[in-house]
Number of protein chains: 2
Amino acid sequence: MIKLSKKIEYGILALQYIAIHSDKIISAKEISEQMGIPYEFLSKTLQQLMKKGLIQSQQGIRGGYVLSRKPADLTVKDIIIALEGKSSFLDCFVSSNGLICDRSPNCSIKDPMEKLQFKVMQVFGTTTIAEIATI
Amino acid sequence: MIKLSKKIEYGILALQYIAIHSDKIISAKEISEQMGIPYEFLSKTLQQLMKKGLIQSQQGIRGGYVLSRKPADLTVKDIIIALEGKSSFLDCFVSSNGLICDRSPNCSIKDPMEKLQFKVMQVFGTTTIAEIATI
DNA sequence: AAAAATCGGATTACAATAGTCGGATATTAT
DNA sequence: ATAATATCCGACTATTGTAATCCGATTTTT
Ligand code: FES
Ligand code: FES
């Protein structure tokens with residue numbers, strides 16, 4: 001379905017929350033309570049965003065997360081890729097060379113679909129957390 | 001995940017096939033064999049497209065399907081909506097008035113996300129079967 | 001009447017998403 | 001030091017959605 005996963009939804013909400021409260025370090029617990037997101041799931045999501053370098057973590061009693069970049073440099077596309085990898089519209093062109101799909105060799109929709117995907121990704125790539133948060 | 005379902009993939013492939021062979025009526029069996037799509041599943045998909053008026057069916061021994069409109073008037077968005085309904089990016093704004101999500105009343109990402117969805121849908125809405133089929 | 005097609009409900013199989021649990025590690029405050 | 005609070009991480013479970021199948025009915029042409 002053309003739908004964003006909860007993980008991405010939570011990721012956007014969390015990053016937006018951290019962006020707005022950029023004066024201090026924000027714990028997963030605070031986001032979880034304030035945004036009504038299951039704590040464990042959110043933790044996992046934040047850890048993933050951390051691994052991909054979108055946020056930085058601080059362990060320990062006064063720990064939490066801060067953004068690694070400015071909200072204006074953080075796009076929805078970044079978040080999607082960080083949380084789901086380079087997802088592709090159709091399984092067919094997951095691996096650019098190896099043929100997954102029987103139709104691949106002489107498939108007539110492959111190229112147009114790749115262009116379509118590119119355009120959609122461009123939309124995600126030009127929407128930033130700064131715009132969403134309207135700080 | 002940002003991925004088109006098999007149903008949509010098959011729908012696009014089938015409509016494109018029908019568009020290219022618009023001189024004659026095309027059976028589900030033919031598409032299934034030529035495109036390597038599971039017959040039963042494809043049948044269901046075609047029936048759904050028929051109900052939504054994108055194609056017209058002819059029962060009986062020489063039956064099959066033809067397009068209701070010109071390929072240039074048939075967009076990927078039409079196919080998505082026909083096969084999955086008005087899908088929305090986030091559950092939150094599935095029902096435009098009733099609040100599904102706790103955050104709804106004063107949610108800061110709702111509007112930006114709706115705009116984002118609108119833009120993406122615009123991309124789908126401007127890609128036609130004619131372009132994909134390159135007849 | 002037989003054959004070839006669509007129609008349609010019900011069911012099953014599988015995969016992805018969403019969420020949970022338990023414990024380890026790091027850091028700070030007391 | 002030690003307790004408290006936080007991230008970290010793997011494994012697990014539950015739920016949902018997708019994909020596919022089954023079976024019988026109906027329609028239409030030959
Ligand atoms: S390559 Fe798989 S449908 Fe085109
Ligand atoms: S309304 Fe549900 S996240 Fe905004």
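So you know, we letter chains A, B, ... as the sequences are listed, proteins then strands, and number each from 1.
- The closest side-chain heavy-atom distance from A/M50 to A/L54 is not below 4.5 Å.
- When the P atom of C/dA18 is taken as reference, atom CG of A/L13 falls 13 Å away, rounded to whole Å.
- A straight line from NZ of B/K3 to P of D/dG17 spans 16 Å, rounded to a whole angstrom.
- Looking at heavy atoms from C-beta onward, A/Q56 lies out of side-chain contact with A/Y65 at the 4.5 angstrom threshold.
- With contacts defined as side-chain heavy-atom distances shorter than 4.5 Å, the pair B/I79/B/I129 qualifies.
- Regarding A/E9, its CD atom lies at a distance of 14 Å from the P atom of C/dT17, rounded to whole Å.
- For A/S27, taking side-chain heavy atoms from C-beta onward, the closest of the listed nucleotides C/dG19, C/dT6, D/dA6 is D/dA6.
- When the P atom of C/dT11 is taken as reference, atom CZ of B/F41 falls 19 Å away, rounded to whole Å.
- With rounding to whole Å, A/I8 atom CD1 is found 17 Å from C/dG19 atom C1'.
- B/Y39 comes within 4.0 angstrom of a base, heavy atoms only.
- Toward the 5′ end of DNA chain D lies the nearest nucleotide of A/I26, the other residue of the pair A/I26 and B/P38 mapping further downstream.
- Around atom CZ of A/R69, more than 12 heavy atoms belonging to other residues, nucleotides or ligands sit under 6.0 Å away.
- The closest side-chain heavy-atom distance from B/K24 to B/E30 is below 4.5 Å.
- Considering only heavy atoms from C-beta on, A/T126 stays 4.5 Å or farther from A/T75 through its side chain.
- If you check C/dG19, C/dT6, D/dC8 against the side chain of A/Y65, the one that comes closest is D/dC8.
- Using a 4.5 Å heavy-atom cutoff, the side chains of B/V76 and B/I132 are in contact.
- Atom CD in A/Q56 sits about 17 Å away from atom C1' in C/dA26, given to the nearest Å.
- If you check every strand for non-hydrogen atoms under 4.0 Å, A/K44 touches a base.
- For the pair B/L46 CG and C/dC7 P, the interatomic distance rounds to 9 Å; values are reported in whole Å.
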Can you name the atoms? Protein N/O to nucleotides 28-30 of chain D N/O, anything below 3.5 Å, with the distance.
residue : atom : partner : partner atom : Å
D/dT28  : O2   : B/I61   : N            : 3.3

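- Remark: P of D/dA25 and CD of B/Q47 are 16 Å apart, rounded to the nearest angstrom.
- Between A/S57 and D/dC8 there is a side-chain polar atom (N or O) within less than 4.0 angstrom of OP1 or OP2.
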